[in-house]
Amino acid sequence: MSTAGFNSQNGTGTGQTYTNGPSQNPVALQQPSGVGYSVNHQPAYNQMQAKVLAPPGPALYPSGPYQPVPPGPQVGSYPPAPAQPLLPRPQIGILPSHTPPQSASPSPGPRPAQATPPAQATPPPPAVTSTSYYTGPPAWQYAAPRGPAPNHVNPAAAAPPLMSHSSTQPPGPGAPPTSIHGFTQPGSAPPPMNPLPPHTYQPNRPAYGPPPTMKPTAPPAGPPGTTGTPPPPKADGDVAGNGPQAPNSYNHVDNRMAGAAPPGRHLGHYPSLPPGYQNTSAPPPSSLHPALQAATQPYTQGPQPYQQQPGGPGPGPGPGAGPAQLSPSMAAMSLQSSTPEALRVVNLLQERNLLPPAPVPAPTPCLTQDLQKLNCSPEVFRCTLTSIPQTQSVLNKAKLPLGLLLHPFKDLSQLPVVTSSTIVRCRSCRTYINPFVSFLDQRRWKCNLCYRVNDVPEEFMYNPVSRSYGEPHKRPEVQNATIEFIAPSEYMLRPPQPAVYLFVLDVSHNAVETGYLSVFCQSLLDNISALPGDSRTKVGFITFDSTIHFYNLQEGLSQPQMLIVSDIEDIFLPTPDSLLVNLNECKELVQDLLKSLPNLFEKTMETQSALGSALQAAFKLLSPTGGRMSVFQTQLPNLGVGALQSREDPNQRASAKDVQHLSPATDFYKKLALDCSGQQVAVDLFLLSAQYCDLATLGCISRYSAGSVYYYPSYHHQHNPAQVERFQRDLKRYLTRKIGFEAVMRIRCTKGLSIHTFHGNFFVRSTDLLSLPNVNPDAGFAVQMSIEENLDDMQVVSFQAALLYTSSKGERRIRVHTMCLPVVSSLSDVFAGADVQAITGLLACMAVDRSVTSSLSDARDAMTNAAIDSLSSYRQSALTIQQPGLLAPACLRLFPLYILALLKQKAFRTGTSTRLDERVFAMYQLKYQPLAFAMLMIHPALYRLDDLSDEGALNIGEQTIPQPRVLQLSVEKLSREGAFLLDAGLVMYLWIGRNCHQNFLSQVLGVSSYAAVPEKLYLLPELDTAESQRTRAFVSWLRDQRPFFPSLHIIRDESQLKPHFLQNMIEDRTESALSYYEFLLHLQQQISK
Ligand SMILES: [Zn+2]
């Protein structure tokens, strides 16, 4: 692997330094010098028309000739605007005489005083500044009385937004730059705090595991000096001799559906086991009755059996004794004498039914109960290895990747919020005080990351919860691994920015054809009052085709006014002060505009798309404040800056071994994203298109500005109702979900550990500081780590993620998550703590990078090697009793299945026709989705729905939610008498068997027979039957678990969508990919080499 490959979180830049300098930002120089307009100083409008939008109504937009802007005295040297309308647009409006825009933006001013009840209980000690009250669930707060926010504002408010992550940390590698020019050079990772040893990466080895420093000899798979291991065998390749060929799954299901297979014959069965493998003690699995299969499931839903045995040391005596008082030595853990379940040896070739009946739970770290009780939720913070190896050498032996997966801004039902004048942090490493520090006595605490001893500040002696004094270890900061602080003034260098939303809308002919505009406008109208914000919230709109259209929404206008700039090479803002307006003051104008927009472009014939110029204009508009830019695009941009050409050859989709054009065609969008990031602007991209749009290039605008990408292939308001519903639901979530502005995130870990590569959408501003102009509750992140110094003396290590952001209400807040994990010295213990889902999620991120920087085949090889290397190492080094077979510890028994699933995932699959944009989107999703959702994309869940019962159901409110068991992804599990739901994250398929029970057809689908099931069905009818209610309750419940809206396709066996459904049958063989059993044989062959 190349260093660049793994350090490429900022992409494979050209090595150029990106700055906000004039060369990148020609627009920035085009601003007329007198930006502040006045009546007497009207800027010369360059080829611009102004129109007044009529209010919606029958007499809307009579087609009529446009008139050029009446040349006023202020028009100077510019030629008259060529006013050639392309469509009936509103009657010309005379350019209104602008009211002299004072400051268009309401002065940021002091933040609204926080409503705080007076402290009135027990008289607090004099030094105490905090008191507490509960606002009740879901959020409870500790709030201190606060006066008006001090004016901490640097008078130079026009300066680039500055933030100070810590008040005392001197500027340096760890501090945010004080200028937007302070970006580290993209293309190469910022130097880690502790430089990595040269051996950390091996250029020639595509394996993902830690570097094989232990063996100078050739790695087990692949000759040295080549790109690595041999590629996986072809479907009919070298593994074929190991057993009968599994039949082609598609034919198989076809045959079965046609009744060709004799009853009871399982065509999809694994080949019989080679003789040598039949002498192990595992039960014969493949022919078990489903009920028995369930009984043999190694995992249960209950707590993991591999846990710290009870009776561990409790809190010690003495002052300050509490959970946080636990010294590392007291957290000592020992493995149970008997082999823990996680290490139970599983012969994968024999034990076939590996899936637990319900989604796989996160493993519980092997910690004392006291520590574990306080630990961060795995939904927020997860590590690939829940037992951290003591040395890099042990990690290298395990051949498993070490990294963290985070969901830092997740919506939480309970979040302790603290207001305090003093946020207690380590004086040395700036770690926030947390449950895993130790109190030496009442007055001193020891940092769990750098081990410095710090003083306990006087204020911290008072506990606002118990309103008592002298119990610092009972403070909420020391009792909660996830906590939020309302930051005092030293955490800001400018007033917290208001919530600013700018919508940039494609209104070309293609866009109008899709019909998305009316859905968007209606959604925004419906949700406009729910946009997060306060009295300072601002909104603005830009539309574009071959020209850029601005909308003057200045308070006092009778109707919105459209301003067209057709000189797209030389974008300027026609009336900078009235394009982003206060939402409260101008709500009616905004609503008028939203009602008018869909009709306004109804008859356009303009096919060109000047997206790049529109983005430049939007960036310019948002630069002074920062904010969120939401871009809606329906085609390949083909005009002006950032214009692109199609790079996809549809004929090559299935045949090419390697996929080209996964990296951007131009760095225009990345550069612009970095400019945006520097001005606290994030760009969210909604791509709605039937055609290739080069998402690999366009997506950069979101990736580096910490935005999100949404993709609706084949979106059409009439032809694709499922996409329309998805778009509507996603928009509702998008518009109303929580948002944090001008955010930065830093991840710290105990001395000795080092973070070196980041995954997600952000820009790495300095070493380990992620710049997130916006942060949203649906974004996930991952980082890779190495062990720089031996952790010999440590029993536990800690990881802390701190996210500093401005809330939509203008508060500066810091959300802190801290996770504690044990350190182990033996390889067995490392394996025992492996979190197979976290490992898979991290490998997926790494494979995406590898696909872009190297090649798809290289990434595929590396994923396969990850499975080979780790199982090989387990066999050689951790297994005490050698036995035949393909052996895995129980905690990793799903690893080969997940790796195979990744190889068949849209992002990485070969041999199957995959649109380039869909592939790139899948790659984005794998890097950006929190783990739980990424896992659904990788290994979907299959359920049988025609026999749902209330047995084991969840009761939520008044609803009963059935809980059918998760089935293996194989056509063997299907039956033509049944109906099966496949949940693949963004999409669900409900497949109806040809002989589906009449009861299900009539009671759930409301049809009389199989033949009566419509060809296109996207909704479960609301029938008043128990079966219908159960089915709908289950599907809704699944949907409610995730922040995006999966569309549902109800398909018959003959449906055109059947191949899409069958592609998810990961365990089956296809023309181009191995079956699960063949894959296992391949792994075994490589391991025993
Ligand atoms: Zn420290």
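Side-chain atoms are counted along with the backbone in the values below, which use heavy atoms only and exclude waters and symmetry mates. Just so you know, ligand 1 is whichever comes first in the structure, and atom 1 is the first atom listed for that ligand.
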Q | Trace of the side-chain contact (heavy atoms from CB on, under 4.5 Å) decision for Y432 with H817 | A | CA-CA 9 Å; Y432 295 80; H817 306 285; over 6 Å; no
Q: Give a yes or no answer on whether the side chain of N776 reaches the backbone of D778 with a donor-acceptor pair at less than 3.5 Å.
A: yes
Q.
Could you measure the distance from the CD atom of Q479 to the CG atom of N434? Nearest 0.5 Å is fine.
A. 11.5 Å
Q: With sequence neighbours excluded, tell me which residues meet side-chain contact (heavy atoms from CB on, under 4.5 Å) with A801.
A: F381, L406, I747
Q | Protein N, O or S atoms under 2.8 Å from the Zn ion (ligand 1) | A | 4
Q: Answer with yes or no whether the side chains of T391 and N790 bring together a donor and an acceptor at under 3.5 Å.
A: no
Q: Would you indicate whether the side-chain heavy atoms of N454 and R425 approach each other to under 4.5 Å?
A: no
